[in-house]
Number of protein chains: 2
Amino acid sequence: MAAHALVAFEPRKTPIQARSTVTVEAISEAAVQVLLSHGAERLTTTRVADRAGVSVGTLYQYYPNKQSLLFAVLENHFNHVALRVEEACANACHKPLSEMTKETVEAFVDAKMERADISVALYRVAGDVGGPTLVKRVNQRTRKAVEAMLETAPDIKSPPDKFAVEIMLSAMGGAMRSLLESGPSPATVRKAREQLVLLCQSYMAAATAKRG
Amino acid sequence: MAAHALVAFEPRKTPIQARSTVTVEAISEAAVQVLLSHGAERLTTTRVADRAGVSVGTLYQYYPNKQSLLFAVLENHFNHVALRVEEACANACHKPLSEMTKETVEAFVDAKMERADISVALYRVAGDVGGPTLVKRVNQRTRKAVEAMLETAPDIKSPPDKFAVEIMLSAMGGAMRSLLESGPSPATVRKAREQLVLLCQSYMAAATAKRG
DNA sequence: GCATTGGATGAAGGATTCTTCAGATTTGGA
DNA sequence: TCCAAATCTGAAGAATCCTTCATCCAATGC
């Protein structure tokens, strides 16, 4: 059912010539800009097309409807964050558990902050555009990366429950969302980052049987 | 600014006679029902009025616009959850830190699960209706209750940072959201509840200087 | 019984928005 | 140069939706 609901979000046509590639990217970028300047409520296909410097018809040539456009933007953002976390996980293999956790959490926070404005703007539309489904998919992906990393930890006997990793990821995401929506100062972000690391470290330690 | 933005959400007229009291409650309940059956996107003032068994005009007699109606529903739900947590905090005073944490977290999870369907439906509209502002307000309220409780803990030297409590609450909320949106089985809920308790306990312990 | 205030009605105004499609324009290759 | 395919255009169709207001019904107090 969820998969079927996502069908309508898939692109209509794939760019062939170079100019159309430019166009679709301009549209996607314009969507973000409009989201930031006008808000989710005032996000109109016409407005996005105007901002992208093309006509509405062109937009509908690549996206079957408004939702699919927003879905694509959302997917982009999530993929970017997921990639950063995966990189961090690959990089932290064979390190002590607390170090693993620290690097993973920090990668997540940093990736989110990199495009803080977009993150906040997207929270507003996620609900109407298959956000939960996407979140689930990305969480799955991220969880696998984290689990693979944990397998290589030298200082634990058995890796934490699959469920525990999910809890940690969603807790991290929730705290980050709250933080972003409050329009935090850089100092606040730094503090939150520290605390989030501590939160996850202490949980991972508690959910894990130590070696030795 | 945020305060000003909320002005438009305030009710228009206060019920005086008994029948109008019934009416406003019917409207509010109908809003929830429509949210559940038709989704946020198809939530229409006319549809809500129909479901409530009144005419649209009547709805607009009490709510200046559609947003104010949804805002009221959201506020209701949040107040209910906050109240449950406050009760739990009051009840857990003078107990050991881990017990305090356990009871608080469980109260939150249980309050959310009590109306799981409403919770999920509201995630969809929160963005367009001052959700973040409300969340901030409720978090503030909850944080105070938690802090007051922590002051009475016999087994800690200094209570955790105000910031730490905020992190914990938002992490809890985020994990709960993720869980609810996945349509969990009762068994899953039970497991998540346990893990969430563990998460918060280990964090509170780590963020606190122990006495003795 | 009557007047006054509270409450309810619902058709219609006004405003947007999404989406299409027939035709114009540009590109890449023959 | 010339054509077929790829792109682009943007006015107009179609569908909703929010909100108002003139009007009617019900309740309360005198």
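All of these numbers come straight from a predicted model, not from anything done at the bench. Letters go in sequence order (proteins before strands), and every chain restarts at 1.
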Check whether any side-chain N or O of [X] sits under 3.5 Å from a backbone N or O of [Y] as a donor-acceptor pair, and report yes or no.
{"X": "A/Q67", "Y": "A/D128", "result": "yes"}
{"X": "B/R124", "Y": "B/G39", "result": "no"}
{"X": "A/S185", "Y": "A/T188", "result": "yes"}
{"X": "B/S178", "Y": "B/A175", "result": "no"}

[atom1] of [X] versus [atom2] of [N]: gap in Å, rounded?
{"X": "A/R42", "N": "C/dT16", "atom1": "CZ", "atom2": "P", "result": "9 Å"}
{"X": "B/H38", "N": "D/dC17", "atom1": "NE2", "atom2": "P", "result": "11 Å"}
{"X": "B/D50", "N": "D/dC17", "atom1": "CG", "atom2": "P", "result": "12 Å"}
{"X": "B/D128", "N": "D/dC17", "atom1": "CG", "atom2": "P", "result": "16 Å"}
{"X": "B/L69", "N": "D/dC17", "atom1": "CG", "atom2": "P", "result": "15 Å"}
{"X": "B/N65", "N": "C/dA15", "atom1": "CG", "atom2": "P", "result": "18 Å"}
{"X": "B/K66", "N": "D/dC17", "atom1": "NZ", "atom2": "P", "result": "8 Å"}
{"X": "B/Q61", "N": "C/dT9", "atom1": "CD", "atom2": "C1'", "result": "10 Å"}

For [X], report the nucleic acid contact type (base, sugar-phosphate, nothing); a contact means any heavy atom under 4.0 Å.
{"X": "B/V56", "value": "base"}
{"X": "A/L43", "value": "sugar-phosphate"}
{"X": "A/T44", "value": "sugar-phosphate"}
{"X": "A/S20", "value": "sugar-phosphate"}

For residues 76-85 of chain B, dump all side-chain donor-acceptor pairs below 3.5 Å to protein atoms at least two apart in sequence or in another chain.
unit_1	atom_1	unit_2	atom_2	d
B/H77	NE2	B/K112	NZ	3.2
B/H77	NE2	B/S119	OG	3.1
B/N79	OD1	B/R141	NH1	3.1
B/N79	ND2	B/E75	O	3.4
B/H80	NE2	B/E114	OE1	3.3
B/R84	NH1	B/E114	OE2	2.5

Quiz item: Taking everything shown except B/R115 itself, do over 12 heavy atoms lie less than 6.0 Å from its CZ?
Solution: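 Incorrect, the count does not exceed 12.
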
Short side-chain N/O contact from [X] to OP1 or OP2 of [N], under 4.0 Å:
{"X": "B/T46", "N": "D/dC18", "answer": "no"}
{"X": "A/R47", "N": "C/dT17", "answer": "yes"}
{"X": "A/Y60", "N": "C/dT20", "answer": "no"}
{"X": "A/T23", "N": "D/dT7", "answer": "no"}
{"X": "A/S55", "N": "D/dC8", "answer": "no"}
{"X": "B/T58", "N": "C/dG7", "answer": "no"}

Quiz item: Which atom names give the shortest non-hydrogen contact between A/Y63 and A/A72, and what distance separates them?
Solution: CE2-CB, 3.9 Å

Collect all protein-nucleotide pairs involving nucleotides 23-25 of chain C in which both atoms are nitrogen or oxygen and the distance is under 3.5 Å.
none

Practice problem: List for me each residue that meets side-chain contact (heavy atoms from CB on, under 4.5 Å) alongside B/R193, sequence neighbours excluded, and say none if there are none. | Solution: B/E106, B/V109, B/D110

Quiz item: When you measure from the side chain of A/Y62, which nucleotide among D/dC8, C/dG7, C/dT19 comes out closest?
Solution: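 The nucleotide sitting nearest to the side chain is D/dC8.
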
